[in-house]
Structures are given as C-alpha cells and as structure tokens.
Protein chains: 2
Amino acid sequence: MADKFEVDEIDRKILSFLVKNARMPFLEIARECGISGAAIHQRVKKMEEAGIIAGSRLTVKPKALGFDVCAFVGVQLSQSNQYDGVISALKLMPEVVECHFITGPYAVLLKLFCRDNEHLMEVLVNTIQNIPGISNTETFISLNQAIERQVYVKDPSPSPKKAKK
Amino acid sequence: MADKFEVDEIDRKILSFLVKNARMPFLEIARECGISGAAIHQRVKKMEEAGIIAGSRLTVKPKALGFDVCAFVGVQLSQSNQYDGVISALKLMPEVVECHFITGPYAVLLKLFCRDNEHLMEVLVNTIQNIPGISNTETFISLNQAIERQVYVKDPSPSPKKAKK
DNA sequence: CGTGAAAATCCGTTCTT
DNA sequence: AAGAACGGATTTTCACG
C-alpha cells in the first residue's frame, strides 16, 4: 500500500520541484532545500518505495506528433458488469489516454487524442462502438485546454533566494 | 510555433523511452538506439527547442498526498464571452488540474482532485459557483481510473538489439 | 547529422556523526 | 536520519568526418 507515510515539508518541497521538472538534478534540489544531495536521494527513494512517486514522464505535445484533436467521450454500458472487458479493449486503443469509471449518466469517461476529426470518427464508429458491452457514447471535443498540471503538492515556495550570486 | 518539424523514427524511439521514464539516462537510450549519447542529447535538445517536448514531470499519486477524490465537473457559462475571466479564476484553484473548453452542453470541463467529498463540496459551493460567469455545474466523481498514459508515440519497438558490438 | 573524446557535473554508495 | 566524501557514470560541449 501507499498509505501510512508521513510527507513532511521537505518532502513536499522536493516533490514541488520534481513535479515541474523530473530531470532536475538532485544536487540542485539539495541546494534549494539546504540539505545534502544524499538526503534528497534517500527521501526520493523512500517516497518511491512508499508508492507516493509513481514514476516520471516526459511531456510531449500531442499536436507536435500529429494529434490535433482532443476529445472526451462519455460511454454507457449495456451491462455494468462488463466493465473489466471494456477496459481491456480500451487499453488496446492507443488513442485512449485516460479512462475513468464515473458517477452519473455515463458509466465511463474517456479522454482521447486523434489525428483529426476523421480519425476521431473512425475511432468512435469502428472501434469504440464495436466493443461488446458498450451501448452508447457521447463525444465532447476539447477546443482548448487552458489548464494542465499535476495534483497540488505545495506552493512554489518562497525559496530562500540566495541574495546574490 | 511547434510545427514544421519532422520527427523521424529515431526521435520517436527516444520519446517512447522518455515518455515512460523521464529520468532514463541518455546513454542507456543511446545503447538502445544504436547511436551515440551525444546524438541523443542533440535530438532531445532540438525537440525541446521545437516545442515537441513540453517538459517532464514526476508522477505523484494523488492519494498519497491525501487527495482521495477525483472528479470531473461540467460547467455552464452565463455568457460565453466570460471565458477568459473564468479561466483566470480557475487557475488560482489548486484543486483544478485540467480545464477544457468543450463542445456540447457544457462550455467547460474541469478535472479536479479533492481531499474528500466534504472538500469537493466546499470547492463546488464556495469557490466554483461563486466565480462570475459560471451559471451551473454538474459533477461526475471518478470512482476508478483504469487508464492513465501519454499520447501515443510509438510501439514499444522490437528493439534492433545489436547482434554484437 | 553523427562521432569521439574531454571536462564538468552528477549519482549512488559508504562512512561518520 | 542527516551530512561529507569518494569513485564511477553521465551530461554537455566541441572539433572533426
């Protein structure tokens, strides 16, 4: 489990840096936090073992790879007990980047990236609608994503800001 | 702009590794790709400058930081021209991690993380509903996130596995 | 555009307090 | 647990093919 672990102020500060830049050198973090690099190393390792840190990812702009269309799809299931099978099928679709089981009129909410509207249409009609257990879908195209960030860790921190170089 | 850039097979392969692990050493990538570390470095740098790579992020499990509730909120605006002001207000809310302007009955779709249902309630009633320009909201709580990944870059690749050195 | 090597930096471990 | 220090690996730059 990932529970039963105390994340103190320094841990949060470490995370606040790494959440913004996963390749930030530990030594630089150490300087910002005022402790040694070894301490950073130990703390990060501990948080990884505790499951607080799930991994790290380079952020690629979908548009740069030719994925111009972002859309959310609300999915209704014909029988709610077919959830597992539907998930398995969705995992095989490279266009799907998120899949949630949600409350409300839709059982499942998907987020996906497609090359263009034609590609989106193809994915909806030829793939998603053909998955056994899926009865109906409703699509919301994202025209603009204004906010994209991680879960809140800590304020940017007043950073001791060494007076001068 | 981030356009007008050709991402070739090697670039895609580099990205496919870094998308899964942003801290993967360039030299290790170099070995997998069969070219030198300097070449990897140059390509990554070029992709950063071209805007293909937006940055890198450590992935933190929200639950480990006490954010047990993930929810999507569909927001209707009283006047669609108030979009900018609404976005500014939403950016100040640490609970909001995504904000999209979408087609369909809702003008805006939010994704947010809260500590618990009480916190969610407070955010909805005391904060979101008070933002000028927001007329109505509908909330979908995510009971389970089954898929979480980046935009599709490339298949894991059969890795040419250098026959010998 | 890739290579190879040099210099600076960083990582991960060990030892000490 | 935290800090200092060491050897080994990595990042980054540069001139050359």
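Quick note on labels: first sequence line is chain A, next is B, and so on, each numbered from 1. Please read all numbers here as calculations on a predicted model, not as lab measurements.
In this structure, the CD1 atom of A:Ile14 is 12 Å from the C1' atom of D:dA2, given to the nearest Å. In this entry the distance linking CG of A:Leu18 with C1' of C:dC11 reads 14 Å, nearest Å. Taking atom CE on A:Met24 and atom C1' on C:dC11, their separation rounds to 15 Å, with Å as the unit. The nearest whole Å value for the distance from the NZ atom in A:Lys13 to the C1' atom in D:dA2 is 17 Å. Distance A:Ile40 CD1 to D:dA1 P: 16 Å, rounded to the nearest Å. Going from atom CD1 of B:Ile29 over to atom C1' of D:dT10 covers 12 Å, rounded to whole Å. A straight line from CD of A:Glu28 to P of D:dT12 spans 11 Å, rounded to a whole angstrom. Straight-line distance from the CE atom of A:Met47 to the P atom of D:dA1: 13 Å, rounded to whole Å.
Taking only side-chain atoms of B:Leu27, from C-beta outward, the nucleotide of C:dC10, D:dT10, C:dC11 with the closest atom is D:dT10. Across D:dT11, D:dA2, C:dT3, the shortest atom-to-atom separation from the side chain of B:Ala38 is found for C:dT3. Each of C:dG2, C:dC10, D:dT11 was ranked by its minimum atom distance to the side chain of B:Pro25; first place goes to D:dT11. Comparing C:dC11, D:dT11, D:dG3 by their nearest atom to the side chain of A:Phe26 picks out C:dC11.
Taking the six-membered ring where the residue is Trp, B:Phe26 and B:His41 present tilted rings, their angle falling between 30° and 60°.
Checked by atom type, the side-chain pair B:Glu138/B:Tyr106 shows a donor-acceptor distance below 3.5 Å.
Look at A:His41 and you'll find a side-chain N or O under 4.0 angstrom from OP1 or OP2 of C:dG12. Neither OP1 nor OP2 of C:dG12 sits under 4.0 Å from any side-chain N or O of A:Lys45. Contact annotation: A:Arg23 side-chain N/O to C:dC10 OP1/OP2 distance is not under 4.0 Å.
Using a 4.0 Å heavy-atom criterion, one finds that B:Gln42 contacts the bases of the nucleic acid, with or without backbone contacts as well.
Along DNA chain C, the nucleotide nearest A:Arg31 and the nucleotide nearest A:Gly37 are compared for position; the residue whose nucleotide lies closer to the 5' end is A:Arg31.
In this structure, B:Phe101 has its ring center under 6.0 Å from that of B:Tyr83.
For the residue pair B:Ile53 and A:Leu58, the shortest heavy atom distance occurs at CD1-CD2, 3.6 Å. Between A:Lys13 and A:Glu32 the shortest heavy-atom distance is NZ-O, 3.6 Å.
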